[in-house]
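Naming: A, B, ... by sequence-line order, numbering from 1 per chain.
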Amino acid sequence: MKGAWRVWQRNWTVYRQTWRISFVPPLLEPLFYLLAFGIGLSALIGEITYRGVGISYIAFIAPALIAINIMQSAFFENTYASFVRMYYQKTFNAMLATPLSLEEVITGEIVWGATRSLIGTAIMMAVISAFGLIRYPEGLLLLPLALLGGLAFGAIAMLFTSIVPNIETFNLPIFLFITPMFLFSGTFFPIDALPPWAGSLAQFLPLTHLVRLARDLSYGQIGPEVFGSLAYLLLFTLVAYLLALRGMARRIIR
Amino acid sequence: MDEVIVAENLRKEYGTFRAVDGISFQVQRGECFGLLGPNGAGKTTTIRMLYGFTPKSAGSLSVLGLDLDTNLRTIKGRLGVCQQENTLDPDLTIEQNLEVFARYFDIPKGESRRRADELLAFIALDHRRHAKIPELSGGMMRRLMLARALINNPEIVILDEPTTGLDPQSRHQVWDRLEVLKNRGLSILLTTHYMDEAARLCDRLVIIDHGRILVEGEPRALIRRHVGDHLIEIVDPTDRLCTYIKNERLEHENLGYRMIVYAQEQGLYAKICSLGAQGCSLRQATLEDVFLRLTGRELRE
Ligand SMILES: Nc1ncnc2c1ncn2[C@@H]1O[C@H](COP(=O)(O)OP(=O)(O)OP(=O)(O)O)[C@@H](O)[C@H]1O
Ligand SMILES: [Mg+2]
């Protein structure tokens, strides 16, 4: 699996040339959201009860913004960007004429997607910490969480990449999978506010667990509940990863 | 002799279609071996099986004395592959393309720098080292593909149409480079649609069609065996001439406005000229004549 690291390095080499542009969204996005939702809506909403404790709305959504960014960074990297490398640039084909194996190429791509999540989280943490919304040292655990969440969403993204006929088709998983999660995973309002059937459904969404973990780590309330969510994310990652490897083998090896 | 590639009864099926239908050949160390054939003959499919990209349906393959199925990674580390399609990395500069590729072979940084410099000089692109790939002309990209295939100091290079789309200057430059490589003892497997290229570079070659080998041999010997040293080409043959050729049962091909007579006798040329044809010429037979004679003149789909 050393080859996966070589693939990761290739993406890192490219990223270093454009990092200034890549830095901007995770820096500004939380600012916009915190201003619009946090400050604008806070006045209307006031406090929110989370796990029996009242917290400000802005403190409620800050960890969710991190979780959403983890999801989106890896998902976009391993859909659009990976698809461009695979389909248009034939980068995978070139790699496969070297000692690298297809498993290494795909693993390297997914770990790179997770790295994008990690970088985004680090930047967002800096911004959000400036508002005093993350408790340390527990908050530092958001970084490994970003990697895990990045792997989960990178792997599922890679699975989509292995089956879409063309790049436009990514609109479908984004509309049917990413957008509903963005709205209904306990991100901007607690899951309790959903009707019970929808609440149970939400328990199957990976973002629900990522948001929950991000909150627990940000607030420093780390209890045994975290293990359930961690286990779910790990399992989700593993299954998506294995399916992505299989899908890619089907797509590329002919 | 020392065989670097041994392919036996190689087959590739896509559904019920046989793209490669039982091909056997050997490549000797230090030789340039040609794989010729019309579009869709199965050249690229064969090459892809050689570096493990396409799994073979049947047959056996050994490269550098190792079985391909069990030693793929080792073998790939000692091969250089220049694919038919451009697979250069457009996100990277020329120099980075070579250095990043070197990493895939675990070549340390200092060493890959040195090799990249050397190869850029070798393909005369050292003055463009910081250019991005989309800024290059097609010929420059092809040359860079060749250089990239050499980054790991391979023992065999596999070149799938390395000169397609190049201008005569670049083509000759690539030939020179390939001859240098051959003199250094590198084994080369080459596909090309340019018969002059194959005749010049290849020690031995096979012509394949519909996934099968039609002939194998040295270019000169193939020409002698299948066409002869010379042939007579006639533009706008007269009826009298056609009748003569038919009556004499000369081996020929009638292309309507043009006729080719495969005949060796010295006197014949004078006779044919005297029978009144506008343009009539005696010329040396080429590999292209062999190719067309064996694979026919119809277009491939
Ligand atoms: N992935 C695939 N699925 C189905 N058929 C394929 C596939 N790849 C190649 N073929 C078919 O196999 C045959 C051989 O193709 P191949 O690319 O090996 O030809 P080639 O000799 O390299 O031709 P060219 O000179 O045009 O490059 C063709 O008929 C092609 O359509
Ligand atoms: Mg081909």
Query - Working for side chain to side chain contact (heavy atoms under 4.5 Å, CB included), residues Arg10(A) and Gln96(B) - result: CA-CA 10 Å; Arg10(A) 180 260 167 221; Gln96(B) 286 174 324; over 6 Å; no

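- The CZ atom of Arg48(B) sits 11.0 Å away from atom CG of Leu96(A), with the distance rounded to the nearest 0.5 Å.
- Arg78(B) does not touch chain A: none of its heavy atoms, backbone or side chain, sits under 4.5 Å away.
- Under the salt bridge (Lys or Arg N to Asp or Glu O under 4.0 Å) criterion, Glu31(B) pairs with Arg204(B), sequence neighbours left out.
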Report task. List the steps and the verdict of side-chain hydrogen bond (donor to acceptor under 3.5 Å, both in side chains) for Asn93(A) and Glu85(B). Result -> CA-CA 10 Å; Asn93(A) 288 13; Glu85(B) 77 268 30; 3.2 Å; yes

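- Residue Tyr88(A) qualifies as enclosed at atom OH: its count of foreign heavy atoms under 6.0 Å is above 12.
- Interface residue Asp91(B): backbone and side-chain heavy atoms are both found under 4.5 Å from chain A.
- For Glu99(B), no part sits under 4.5 Å from any heavy atom of chain A, backbone or side chain.
- Taking non-hydrogen atoms and a 4.5 Å limit, the residue list of residues 100-131 of chain B in contact with chain A, ordered by number, reads Val100(B), Phe101(B), Arg103(B), Tyr104(B), Phe105(B), Asp106(B).
- Contacts of Ile252(A) with chain B are made by both backbone and side-chain atoms, with heavy-atom separations under 4.5 Å.
- The local environment of CZ in Arg177(B) is crowded, with over 12 non-hydrogen atoms from other residues, nucleotides or ligands closer than 6.0 Å.
- For the atom pair Thr91(A) OG1 and Asp89(B) CG, the distance stands at 5.0 Å (nearest 0.5 Å).
- Shown here for Pro99(A) and Arg73(B), the closest heavy-atom pair between the two residues is O-NH1, 3.4 Å.
- The choice from Thr54(B), Asn152(B), Leu72(B) that makes the most heavy-atom pairs within less than 4.5 Å of chain A is Thr54(B).
- How far CG of Leu92(B) is from CD of Gln89(A): 9.0 Å, rounded to the nearest 0.5 Å.
- To the nearest 0.5 Å, atoms CE (Met95(A)) and NZ (Lys76(B)) are separated by 11.5 Å.
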Report task. Step by step, work out the side chain to side chain contact (heavy atoms under 4.5 Å, CB included) result for Lys12(B) and Arg254(A). Result -> CA-CA 10 Å; Lys12(B) 179 67 196 178; Arg254(A) 278 174 301 148; over 6 Å; no

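- The local environment of OH in Tyr87(A) is sparse, with at most 12 non-hydrogen atoms from other residues, nucleotides or ligands closer than 6.0 Å.
- For Leu88(B), the part lying under 4.5 angstrom from a heavy atom of chain A is the backbone only.
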